[in-house]
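Atom set for the values below is all heavy atoms of this structure, side chains included, hydrogens, waters and symmetry mates excluded. By convention in this document, chain letters (A, B, ...) are assigned in the order of the sequence lines, proteins followed by strands, and residues within each chain are numbered from 1.
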Amino acid sequence: MMFSKRGDVSSYFLITTILVIAGFAVLLYFLFQFDFIGQTTEDLCKLSVLTRATSPSSVQSYAPLKCTTNKICLSYGADCDEFAGEKDVAKITLPSNDEKAAKIKIAEISANAMYDCWKIMGEGKLDLFGSAAKEYSWDIAESTCVICSRIAIARDVPEKIASETNINEYMRTHKISENSDLTYLQAFTDRGVNAYASVKPSLFTKELETKGSTTISGKGSQIKLSEQTLPNRQLAIVFMQIKSVDVLTVLKNLGEAGATLGGLTFLTPGVSTIAKSIVFHPSGAGLVAVTAAGIAVGGYGAYNSIQGQLKAAGYCGEFTTNEKSKEGCSLVQGLNYNVGDINSLCASIQGNP
Amino acid sequence: MKKKKGEMTLENTLSIILAVLGIALIIFAAVKLYQITVNQENANAKKIIDNIEGKVNAMKDEEQISFPFQGQKNWLLTGWSKDDSTRPDKCHFNSCICICPTNTVNPASSCQKSGICREIDKEELLIRGTTIRTTGVFIPASYIDLPSNLVELKIYKTKDRLQITLNS
C-alpha cells in the first residue's frame, strides 16, 4: 500500500521516486557531458553512423554524420599538391628503393581505405540517408554519398608506379588483416569467392536504353567519366547509398554485367557498369556511352577508376535497422576526385570535408 | 483513500513533478538535437572556408589553381573588397571571403549574422558565380551558391587581387 494514512509515504514509493529522479539526473548529466573529445575520427564516425541508423525516422535527419574525409598523401618525401593548404593530411612514405614494394604499399593503403569505409558505413545494411533525404526534400531515389578518403600520390612518385598499381589483384590475393582468413575479395562478397567474374566488354559500349526492359528507372541518366588530359593522381573512396530500387532486378543486371555476386553482396567491374545496372539519377549526368578502351591517360586514379578497373563493393537488400525496413543498394567505389566523376555518382554528399 | 474535492495529495504532487521533469527532458533533448545539427553545419562551413583560405595562402602571386571541394546546401560563398562599404563588420578593415547561409538578396546581413569570414590580405576581391538576372540584365552573381555535392573553384591570385570563380 502506497499511503497508509493521509500524507504518510511508504518507503517503497519514496525509494522509487528517488530512483526515478536520480535516473533523470544521471541522464541529464551525461547529456550535458556528452561530447566527442578524446575519440578518434573513426570512432566518431562509427558512433554517428550507428546513431543515425538506429534513430527513429522522425529524428534521423537531426543526427549528423560526423565522418571526416581522411586525406592520405603517398610519397617518397614530397608533399601532395592536391592537399596544398589543407589540414590533417596523413603523409605515408613509400619504400624508395623497391618499386614492387611501393606498388604493394599503394594498393594496401587503397584497399584498406575501401574496406574501412565499407565497414564503418555498416556494410550497406544500415539505412543512413532514407529519412534524412525526405527531411531535406531530396529525391529519395537520388544517391547520397560520404567521401571516406582521398588518396593522392605525390609528384615524386614515378608515373609508372602510380599507373601500374593493381588494387584489384591486391584485394584478391591479400588478407584483410593478419588475424583474418579472408581476403578483401572474400570479405566484400563471401568465403567461397576467389576470383572476379569476367566482364562482357560489350556492356561498356552499350547505351543505357539498349538494356530495354531490364532498366529500372532514371532513363537518360548515366555516368560519364571524365577524360583528363593530365595523369590523375588522386582517388576518392566514396560510399554511396540509394533507396527505392528493385533489388532483384539490380542483382540480375549486376550478374549480367559480370559482377562477382555472393548473396546480396557484389563486386562490380566498375562504376560505369553500375550506372547501367543500378540506374539512378545523379544530377546533371548526360546520356553518353562510356567506352573504357577509349580513354588513354595514366595515373593512379585514372588507371584504377576512369578505366573502370577498380571494383566497386556493394550490397543490395533490406536495411536492418530502420523502423520501416526498406530495400536499397549501397556500394563503396574508388573514383577520380573531380567534380565530373564524383557528382556523376553522388547527387548529394554528407560528412565533413 | 478518501479525498476532499480540490485537495492535492502527496502522490499527485510527485506525479506532477515527475511529469514536469519528463517534459523538460524531452524539450532539452529536442533543443540538443537541433543544436547538434546547426553546429554540424557550422563546423562543415568552417572547414570549407579554412580549406579555401589554406589554398589561397599556399598560392604564389600570379598563380592560378582550380580544385574541387565539397559544398553545402543552402550556403553560399561570397566576399568583399577592402573598399566595399557594404561588407559586413566581421571583415573589419580588410577584404574578406565568407561562407554564409543562403541569402541572395542581402548576403552581407546573412554573413554578419551567421556567416564565417576570413580576412584576405588583398586590395581587391572578386567572386563570380553563375549568371543571374537582375533588373532584366544577366550578370554573374557576386556569390557562389554551394551545391550539396562537389563544386570546382578557380582561384587567380595577383599582387593586389584575388579572384574566385566557379569553374564550370
Practice problem: Let me see the working for B/Cys98 and B/Cys111 under disulfide (SG to SG under 2.5 Å), right down to the final yes or no. | Solution: CA-CA 7 Å; B/Cys98 301; B/Cys111 290; 4.5 Å; no
Self-check item: B/Asn44 portion near chain A, given a 4.5 angstrom heavy-atom threshold
Solution: both
Practice problem: Tell me, for B/Val151 versus chain A, whether the close heavy atoms (under 4.5 Å) come from the side chain, the backbone, both or neither. | Solution: backbone
Quiz item: Under a 4.5 Å heavy-atom cut-off, does chain B meet the side chain of A/Leu65, its backbone, both or neither?
Solution: backbone
Self-check item: Cation-pi geometry met for B/Lys82 and B/Phe93 (6.0 Å, 45°)
Solution: no
Quiz item: Is it true that A/Cys80 and A/Cys73 have SG atoms closer together than 2.5 Å?
Solution: yes
Quiz prompt | A/Cys145/A/Cys346 sulfur gamma separation below 2.5 Å | solution = yes
